[in-house]
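All chains are named by letter (A, B, ...) in the order of the sequence lines, taking the proteins before the strands, and each is independently numbered beginning at 1. Basis for what follows: all heavy atoms, side chains included, without hydrogens, waters or symmetry-related copies. These figures come from a predicted structure and were not determined experimentally.
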Amino acid sequence: MAKSNKPIVWGLFAVGGTVAAFCVPALILAHGLLVPLGVFGENALSYERVSAVIGFLPVKIVVLGVVILTLWHAAHRIRVTMHDFGIRKDDMVAMLCYGAAGLLTATALLGVMAV
Amino acid sequence: METIQTDVAIVGAGGAGLRAAIALAEADPGLSITLLSKVYPMRSHTCAAEGGAAGVIKPDDSLDQHFSDTVGGGDWLCDQDAVELFINEAPRELTRLEHWGCPWSRETDGSVAVRPFGGMKIKRTWFAADKSGFHILHTLFQTSLKYPAIKRLDEVFTTDLIVVDGKVQGCCAIEMRTGQMIQVQAKAVILCSGGGGRMFPFTTNGAIKTGDGMAMAYRAGVPLKDMEFVQYHPTGLPSTGILLTEGCRGEGGVLRNKDGYRYLQDYGMGPESPLGEPVLKTMELGPRDRLSQAFWHEQQKGNTIQTQWGDCVYLDLRHLGEAKINERLPFVRDLAKSYSGVDMVTDMVPIRPVVHYMMGGIHTDITAATPLPGLFAAGECACVSINGANRLGSNSLTELLVFGRRAAESAVAYIKDSGVSVDGAAANREATAVEARIRALFDRPEGDETTAGLRQEMFDTMEGGAGIYRDEASLTATTAKLAELRQRWQTLSVRDKSAVFNTDVMQVLELGAMLDLAETVASSALERKESRGSHQRLDHTERDDTRYLKHSMASYRGETAPPAIDYLDVTITKSQPGVRDYSGAKS
Amino acid sequence: MSRKPFVRPVPATTWYMRNGRYLRYMAREVSSLFIGLYMAGLAMGLMRLAQGPDAWNAYLTALSSPLALVFHVLAFAFATYHATTWFNATPKAMRIRWGDGYVPGPTVVRAHYALWGLVSLVILVLVGVI
Amino acid sequence: MSERTIELEILRYNPATDEAPWYQTYTVPCQEEWVVLDAINYVKDHLDSSLSYRWSCHMAVCGSCGMMINGEPMLSCKAFLRDFGRKIRVEPLSHFPIERDLVVVLDDFMEKLPRVKPYIVRDQEKPIEEGEYKQKPFELYEFKQYSMCINCMLCYAACPQYGLNSEFIGPAALALAHRYNKDSRDEGRDQREEITAAHDGIWECSFVGACSEVCPKAVDPAGAIQQMKLASTMDWYLERLGGVGARVKRSLSSRRTSK
Ligand SMILES: Cc1cc2nc3c(=O)[nH]c(=O)nc-3n(C[C@H](O)[C@H](O)[C@H](O)COP(=O)(O)OP(=O)(O)OC[C@H]3O[C@@H](n4cnc5c(N)ncnc54)[C@H](O)[C@@H]3O)c2cc1C
Ligand code: SF4
Ligand code: F3S
Ligand code: FES
């Protein structure tokens, strides 16, 4: 029997899971809840400030790292979860999940690089 | 009936059976090997052994010392040629097991560690924490998976040997999952079916230890040797008989009576050793028979504690401290906590002697051959005899390895030398007769007799009449009772008529085997009018070398008669019977 | 032949309803859906950022819609759950030698929680000041 | 001695007469310190000799008496009545075909186990005359935990992935493969990975963790599998790095293996 190819994605999944665990709860709290609710004031995440900060190369790298790794973590786990929900077309599910992750990666990459 | 043809059939896949199977596969890859077991190999009772296996490897130790510990421990009833051979081959076998991956505990430099054991003058017991037998069994089982020549028949209950023209030519068995009879036609058969401690109510033995193989050989005409020697282990949990390994005492545990007094010093095993510094071969590190007997005396004096499960004394390990207990004895700590609700780190554990091991068994010579051509035996079911009147703890795990291998080698030699071939037609006739006998069990009319009821009566009479101390009256009553029980067994019916996994029929057959064996125990004990090792008579309290420096041999005389008891000389090579001294004096 | 082993079927789509342990597992797995969606949103946001101030402001407005808020509350809960399950499991995969044994599991877990707290604080402060 | 009475509800199945399993309830007088197995033995001895189940050691080491007790896979010889109420439901282990009553068919595991080569594999055997392999306490510690498996199959009964796909090699067999991979005397990891790193090996495990929660011997198969995923991911990349990777791999493993 041939060895599985899962190691390629599993490495990303594992690293992404760790990054997600450390960063995502606080990110959601800050950017998804506290900022919209105005806790940080009217000018939080204003265009000027955000684009200035993201203009820095090291920041670009960190932000991209978090986003991309987390995306791959999620993509891989969603693939497994579909299986757990009884959807057994694994090849198709895998293509969709990793495809979406790839597209979003490209999106984030383009976005960040363009700033 | 299904017929299987094979070169060698092994009955039993415990330590001895697996070692034999591997040895066969290594001796000649062309041999066909059939390994039958009534349970999956890893369920065999070898897995319950905790303490360890003896073999000389350390520079401060010597083969001579292991020899004299073993022979003295056995109260000079051991065959000394067998002991010598055993001791010489032991280190090699244990090392081989190490090469196969057995997780022996280690010294800091990476070499194998050894621990002290009862009756041993020098530390020589190899151990894998307190699950030595478990690791030995799993190492052997997993290693056996390497050899495609070993064909296993798991959960196949062997009922009888097939004997044609005075030669063993296979065995008959019931496949549990179908209820079908199988005849395994073989040029040679090796019995590795373990002991029969289950004939007693309080025992460290698992449910499968019903002595089936011993009974099979006995019925086929092979004498059972030294059956009166039944070892009580001094430290069992009273509720269930679960064993707290001798390693507990090896690591420094002590026995105390209800007043907290270390009573062993009153029974020739003193002087009292300092707490936490066990002295080899004295006090708690005396041999098992002496310790169990000391318990009996304490009980007579009213020095035991009463528990809901009967009289007990204490095993005290508190001074070892939690760290050492967790490192060396984690399993027994857990056992005591779960089954007796006592944490040995903070409390003393109530314990009592429980039936543990049968020194006696199928008569074999030092090549593991029985008097019946084509039949070999090894492990607890056999009596070679290296254990004499009292086995030293940690000798039997090694015995499985040494004699499991020898049995295999002897079987190969037997096949090659005698050029045996199986008489298929005759074997088939034998097997058909066996099948008819088993079928008949199902047709017996359903009476009041139950397996559980008969078994309980057997327990009561064995415990009462053939226990730690015996006398003429108790043994006479026991043999009479057993004769009656054997009669009543003839009317016992199998209530469960179904084919698939019928444990009812299995229990009926097991009980039949145990009753046969129980009778050989009681009859041999009745005839041995002396006290030696684990056989202690209140009416004959001294050892009598002039009359009884002999093996007793119990031979089958039919379904209704008690066994015939004969005697066979003990082989003495270099150690004349002496005094068993456990007082700490220099020997 | 009298054998007839009985196979108890496992329902392929509802098996996890059988016990709490499986439900907790599924909750952990489903967290990925929320984390994934959140990240998708963030990736889009980064794109909007590149498209200029108007796009970015529209994005910020969308973030404060009730629907977005509800989603983020859920996502926050699942992400936190993911983090705890992840940290609690790390000692299983990652064993760090310590003398003749390994760093005890609880210590590894506690270290992760401490670091998590720190990282979270940094993120909150950073977002707060930006 | 304190006594109590329990209701034991046992799933019965006799292939000769039953189309499907059914529950039979027994009223059993028990001692307080009994385990569930004692109660079942009482039924066998006094109420119904046709009940079939496996047991032997009564000390949680032979691995034969695994059952579902109130829905949880447990060793019946280590399930204390004091931890249960008056009604106890006993069923054969989940995910295995029922042979009869509480006896399940174990062929699947027995066939899988040899495939992961659960024994020492070496390029060169060391002669017995040269004595034992040296193994430092830490080297023993590294695999000891995974050698404690009693093959009781509770983990298979708990693992939903095994329930969904019986091709999955499963927790215990994988943990045993890991046991030998981690043994300083062994050189067989590459051979084992042919099976363990294939589709139905470690990658079929989604780290539910149920196996480790029910394991009576603290083997932690879930941890073993995670470590194997990590190791085989490394191996996968190293194998694709060509000569450099091979060299790294060799130096990593020769540091381990006892000579
Ligand atoms: C609790 C305990 C602790 C012990 N501790 C130690 C120790 O520390 N050191 C030491 O040296 N010794 C110890 N002993 C003794 C030692 O473990 C046993 O004597 C030894 O394991 C017996 O091994 P065996 O291979 O002969 O039999 P077993 O391991 O009992 O195997 C018997 C085999 O025969 C098979 N069998 C039996 N009947 C049939 C049948 N009718 N048909 C088919 N198959 C059958 C069974 O299935 C099984 O596979 C201990 C014993 C006990 C009970
Ligand atoms: S890993 Fe644990 S639960 Fe699984 S078979 Fe082994 S001992 Fe039993
Ligand atoms: S429960 Fe099953 S999915 Fe993996 S972690 Fe254990 S094997
Ligand atoms: S009877 Fe042996 S594990 Fe329960």
So does [X] have more than 12 non-hydrogen atoms from other groups sitting under 6.0 Å from [atom1]?
X	atom1	value
Trp98(C)	CH2	no
Lys144(D)	NZ	yes
Met234(D)	CE	no
Met26(C)	CE	yes

Subject >> Closest non-hydrogen atom pair, Tyr146(D) against Arg95(C) >> reply: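 In terms of heavy atoms, the two residues are closest at OH-NH1, 3.2 Å.
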**OP:** Search all heavy atoms of Pro137(D) against all heavy atoms of Asp100(C) and return the closest pair with its distance.
**Re:**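 In terms of heavy atoms, the two residues are closest at CB-OD2, 4.1 Å.
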Original post:
Given that the side chain runs from C-beta out, which part of Val103(D) has a heavy atom under 4.5 Å from chain C: side chain, backbone, both or neither?
Top reply: neither
Original post:
Is chain C contacted by the side chain of Val208(D), its backbone, both, or neither, given a heavy-atom distance below 4.5 Å?
Top reply: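 Both parts, backbone and side chain.
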Inter-residue atom distance [X].[atom1] - [Y].[atom2], 0.5 Å rounding:
X	Y	atom1	atom2	result
Ser94(D)	Arg18(C)	OG	CZ	5.5 Å
Ser206(D)	Arg28(C)	OG	CZ	7.0 Å
Tyr22(C)	Cys159(D)	OH	SG	7.0 Å
Gln161(D)	Tyr25(C)	CD	OH	5.0 Å

Original post:
Among Phe96(D), Phe207(D), Phe138(D), who wins on heavy-atom pairs under 4.5 Å with chain C?
Top reply: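 Looking at each option in turn, the highest pair count goes to Phe138(D).
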Original post:
With a 4.0 Å cut-off, would you call Glu72(D) and Arg21(C) a salt bridge?
Top reply: yes
Is there side-chain contact between [X] and [Y], with at least one heavy-atom pair below 4.5 Å?
X	Y	answer
Arg8(C)	Pro97(D)	no
Arg100(D)	Pro5(C)	no
Arg97(C)	Tyr141(D)	no
Glu19(D)	Lys4(C)	yes

**OP:** Would you mind checking which part of Phe6(C) comes under 4.5 Å of any heavy atom in chain D, side chain (CB onward), backbone (N, CA, C, O), both or neither?
**Re:** both
Original post:
Is it the backbone or the side chain of Tyr102(C) that comes under 4.5 Å from a heavy atom of chain D, or both, or neither?
Top reply: both
Subject >> Main-chain N/O of Met94(C) paired with Gln227(D) side-chain donor or acceptor, under 3.5 Å >> reply: no
Subject >> For chain D, which residues of residues 109-121 of chain C have heavy atoms nearer than 4.5 angstrom >> reply: none
